[in-house]
Amino acid sequence: MLSFDPEKIALPAGHYINGQHQAGEGNALQVNRPSDGLPAGQLYEADAQKVDEAVNIADRSVRESGWASCPPRQRGAVLRRWADLIASDTQLAQLESLGSTRPISDVVNHEIPFTAEAIRFYAECADKYSGDVLPTRDASLGMLVPEPYGVIGAITPWNFPLSMASWKCGPALAAGNAVVLKPSELTPFSTVRMAELAVQAGLPAGVLNIVQGGGAVTGSALVAHPLVRKVSFTGSTATGARIMSDAAFNGMKPVTLELGGKSPQLVFDDAGDIDEVAGRILRGFTANGGQACVAGTRLIVQRGIADALLGKLIELCQCFRPGVTWDENSRYAPMIDARQAAKVASVVSSARQQGAEVLVGGERFADTGEGYFWQPTLLSVISNDNPAVQEEIFGPVLTVQIFDDEAEGLALASHPTYGLCAGVHTKNIDRALRAMRGIAAGTVWINRYGRSGDFIIPTGGFHGSGIGKDLGRQAFEACQRYKSVLIDF
Ligand code: NAD
């Protein structure tokens with residue numbers, strides 16, 4: 001029985017600093033439940049002084065507790081215990097489901113195992129990857145010696161609060177850093193519980209701290225703090241640009257930026273079984289109500305298969321039903337809030353004004369009160385300039401463009417701003433590999449769409465979709481700086 005009563009869940013309202021809950025004070029921000037728009041609770045925004053307190057505690061704790069200097073295997077053991085606690089904590093799953101867009105069955109079956117496994121992956125990295133011995137003259141020894149940065153500032157978005165936190169904290173902590181993390185002000189609660197479980201698992205108090213608040217006050221104070229030596233951010237491209245600039249002007253800090261996307265799904269005539277391909281395309285743009293950076297929201301389909309594929313997709317889109325996230329039978333995510341729902345409505349409306357035709361969906365589900373559930377929507381567009389093709393909508397809206405030959409398909413697949421992911425569907429291996437080479441994206445999936453549980457595969461975008469990688473060995477290595485050492489003997 002996974003369903004629960006949202007009124008009976010106690011919400012951790014404040015910050016989590018030095019292993020203690022701190023009731024907030026100051027500017028209060030209202031947090032609503034995406035499922036029905038009712039108030040979930042509130043948070044108190046950390047101002048620059050509160051951020052300073054959290055960062056100073058992190059800096060002191062990571063040095064004095066021995067977290068940075070202990071045998072890496074010891075850090076791995078703590079992270080493994082943390083993952084076990086995450087995997088079995090009912091309260092964590094309920095907080096995630098109540099406060100975010102994720103239905104409880106999805107949280108329990110996917111988000112929580114995914115979060116715990118990411119932490120386990122980095123527990124294993126702690127004593128597996130090191131620096132390098134470099135080829136030098138015979139009477140010298142050249143080495144590249146990794147060391148932790150100290151305090152890493154992490155900032156996460158609202159669409160996958162727990163797994164995003166695990167992608168930031170896992171590599172940073174495994175490498176011996178402290179973390180001060182600011183979750184999105186729209187989904188602040190579950191991350192606090194996650195940090196509490198870390199301390200229960202044996203992480204020294206103060207090595208992981210959570211500060212609550214919006215981007216302009218709390219986020220920017222964290223980025224600018226002189227003791228924050230690196231910033232790891234996931235969110236929109238506009239905010240990423242701002243953070244990169246702030247990090248440069250406040251200490252020339254390195255940044256990892258995981259940003260937005262507008263990813264193509266390129267389907268050739270020889271893609272194979274229509275039902276299977278339609279299922280992939282559908283999941284690619286409807287998962288989490290389309291509120292995923294990797295969402296495959298541009299269908300570019302070859303003419304010979306287009307009618308059959310669109311017919312199947314329209315049929316599948318009509319099967320979705322809205323339902324509150326705390327009901328175990330719900331499968332479909334609401335929009336995070338009224339603002340996001342309005343953004344989807346506005347882009348769909350401008351797309352129609354500029355010639356797009358609605359093939360299915362195109363509006364909110366009726367009778368869902370203040371819960372903003374948007375119907376899976378297919379928009380047939382002729383022009384590549386249509387706003388629905390150009391803008392990241394962050395809703396379940398798939399544009400459809402038809403092509404005749406491979407060169408035309410590849411040209412449509414590229415995007416002027418984004419380069420996060422791409423899906424290529426064909427049984428012809430030569431064509432698949434040509435497409436893989438031809439599309440500028442940080443990830444190309446061939447005959448699948450979406451991440452697997454293979455945490456060794458990093459994720460990160462090209463050009464407007466970001467800088468650096470989350471996941472994989474690369475994210476662990478990016479949480480260390482490298483000292484060159486030359487010894488003559
Ligand atoms: P957002 O950029 O509005 O906010 C993200 C986070 O940044 C929030 O915690 C916010 O409070 C904070 N923030 C805002 N302004 C800030 C500032 N000036 N300084 C410091 N922090 C600031 O993004 P969002 O709406 O929360 O999330 C949706 C976006 O995230 C989409 O564009 C999506 O594609 C992207 N995303 C990318 C990935 C990826 O891996 N590439 C994953 C998930 C989401």
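FYI, side chains are in, hydrogens and waters are out, and symmetry mates aren't considered; it's all heavy atoms of this structure. All ligand and atom numbering here is 1-based and tracks the order in the structure.
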Query raised in the report: Quick one: does Ser465 get an N or O within less than 3.5 Å of an N or O on ligand 1?
Result: no

Report summary line: Among Glu392, Arg339, Gln291, closest by heavy atom to atom 32 (O) of ligand 1 is Glu392

Query raised in the report: What are the two closest heavy atoms between Gly214 and Glu45, and how far apart are they?
Result: N-OE2, 2.7 Å

Query raised in the report: Looking at CD of Gln200 and CD1 of Ile86, how far apart are the two atoms once the value is rounded to the nearest 0.5 Å?
Result: 11.0 Å

Query raised in the report: Just which atoms of ligand 1 are under 4.0 Å from any heavy atom in Ser220?
Result: 19 (N), 20 (C)

Requested in this report: Can you sort out which atoms of ligand 1 are near Glu185, meaning under 4.0 Å from one of its heavy atoms?
Outcome: 10 (C), 11 (O)

Query - Numbering as shown, the atoms of ligand 1 that approach Phe394 to under 4.0 Å (heavy-atom distance) - result: 28 (C), 31 (C), 33 (C), 34 (O)

Query raised in the report: Any protein heavy atom lying closer than 4.0 Å to atom 23 (O) of ligand 1?
Result: yes

**Report entry** Protein residue, atom and distance nearest to atom 25 (O) of ligand 1, heavy-atom basis
**Finding:** Trp158 NE1, 2.9 Å

Query raised in the report: Closer than 4.0 angstrom: is that true for some heavy atom of Gly466 and an atom of ligand 1?
Result: no

Report summary line: Closest to atom 27 (O) of ligand 1 among protein heavy atoms sits Pro157 CB, 3.3 Å

Query - Ion pair Arg193/Asp89, N-O distance below 4.0 Å - result: yes

Query raised in the report: Got a salt bridge between Arg120 and Glu124, using NZ or NE/NH1/NH2 to carboxylate O under 4.0 Å?
Result: no

Report task. For atom CZ of Arg242, decide whether the heavy atoms of other residues, nucleotides or ligands shown that lie under 6.0 angstrom number more than 12. Result -> no

Query raised in the report: For atom 35 (C) of ligand 1, what is the nearest protein heavy atom, given as residue, atom name and distance?
Result: Gly235 O, 3.1 Å

Query raised in the report: Would you say Gly219 has any N or O atom under 3.5 Å from an N or O of ligand 1, going by distance alone?
Result: no

Query raised in the report: When only distance counts, is Thr237 in polar contact with ligand 1, meaning an N/O pair under 3.5 Å?
Result: no

Report task. State plainly whether the residues Arg102 and Glu111 are in salt-bridge range, i.e. N to O under 4.0 Å. Result -> yes

Query raised in the report: Which one holds for Glu258 and ligand 1: side chain close, backbone close, both close, or neither close, with close meaning a heavy atom under 4.0 Å?
Result: both

Query raised in the report: Is the shortest distance from a heavy atom of Phe160 to ligand 1 less than 4.0 Å?
Result: no

Query raised in the report: What part of Asn159, side chain, backbone, both or neither, has a heavy atom within less than 4.0 angstrom of ligand 1?
Result: side chain

Query - Atom pair CG/OG1 of Asp36 and Thr325 - distance to nearest 0.5 Å - result: 8.0 Å

Report summary line: Atoms of ligand 1 under 4.0 Å from any heavy atom of Ser236, numbered from 1 in the order shown, are 1 (P), 2 (O), 23 (O), 29 (C), 30 (O), 32 (O)

Please tabulate, one pair per line, all N/O donor-acceptor pairs under 3.5 Å involving side-chain atoms of residues 437-446, not counting sequence neighbours.
from	atom 1	to	atom 2	distance (Å)
Trp445	NE1	Gly450	O	3.3

Report summary line: of all protein heavy atoms, closest to atom 7 (O) of ligand 1 is Phe233 CE1, 3.2 Å

Query raised in the report: Could you state the interatomic distance from CZ (Arg321) to OG1 (Thr368), rounded to the nearest 0.5 Å?
Result: 13.0 Å

Report summary line: The answer for which part of Ile243 has a heavy atom under 4.0 Å from ligand 1 is side chain

Query raised in the report: Any idea which of Leu222, Leu257, Thr239, Ile155 brings a heavy atom closest to atom 14 (C) of ligand 1?
Result: Thr239

Report task. Before accepting this row, confirm whether a basic side-chain N of the pair Lys253/Asp246 lies closer than 4.0 Å to the acidic partner's carboxylate O. Result -> no

**Report entry** Nearest neighbour in protein (non-hydrogen) for atom 41 (N) of ligand 1
**Finding:** Leu259 O, 2.8 Å

Requested in this report: Return a yes/no value for Thr156: is any of its N or O atoms, backbone included, closer than 3.5 angstrom to an N or O of ligand 1?
Outcome: yes

**Report entry** Distance from atom 18 (N) of ligand 1 to nearest protein heavy atom, with residue and atom
**Finding:** Arg242 CG, 3.8 Å

Query - Ser184 heavy atom under 4.0 Å from ligand 1 - result: yes

**Report entry** atom 17 (C) of ligand 1 - nearest protein heavy atom and its distance
**Finding:** Gly215 O, 3.5 Å

**Report entry** Trp167/Phe455 aromatic ring centres below 6.0 Å
**Finding:** no

Report task. For Ser263 and Leu420, indicate whether the former's side chain and the latter's backbone hold a donor-acceptor pair under 3.5 Å. Result -> no

Query - Side-chain (Asp454) to main-chain (Ile457) donor-acceptor, under 3.5 angstrom - result: no

Report summary line: d(Ile243 CD1, Leu222 CG) to nearest 0.5 Å is 9.0 Å

Requested in this report: Could you check atom 42 (C) of ligand 1 against the protein and tell me its nearest heavy-atom contact, residue, atom and distance included?
Outcome: Cys293 SG, 2.9 Å

Report task. Taking all heavy atoms of Ile17 and all of Ala54, pick out the closest pair and write down the distance. Result -> CD1-CB, 3.9 Å

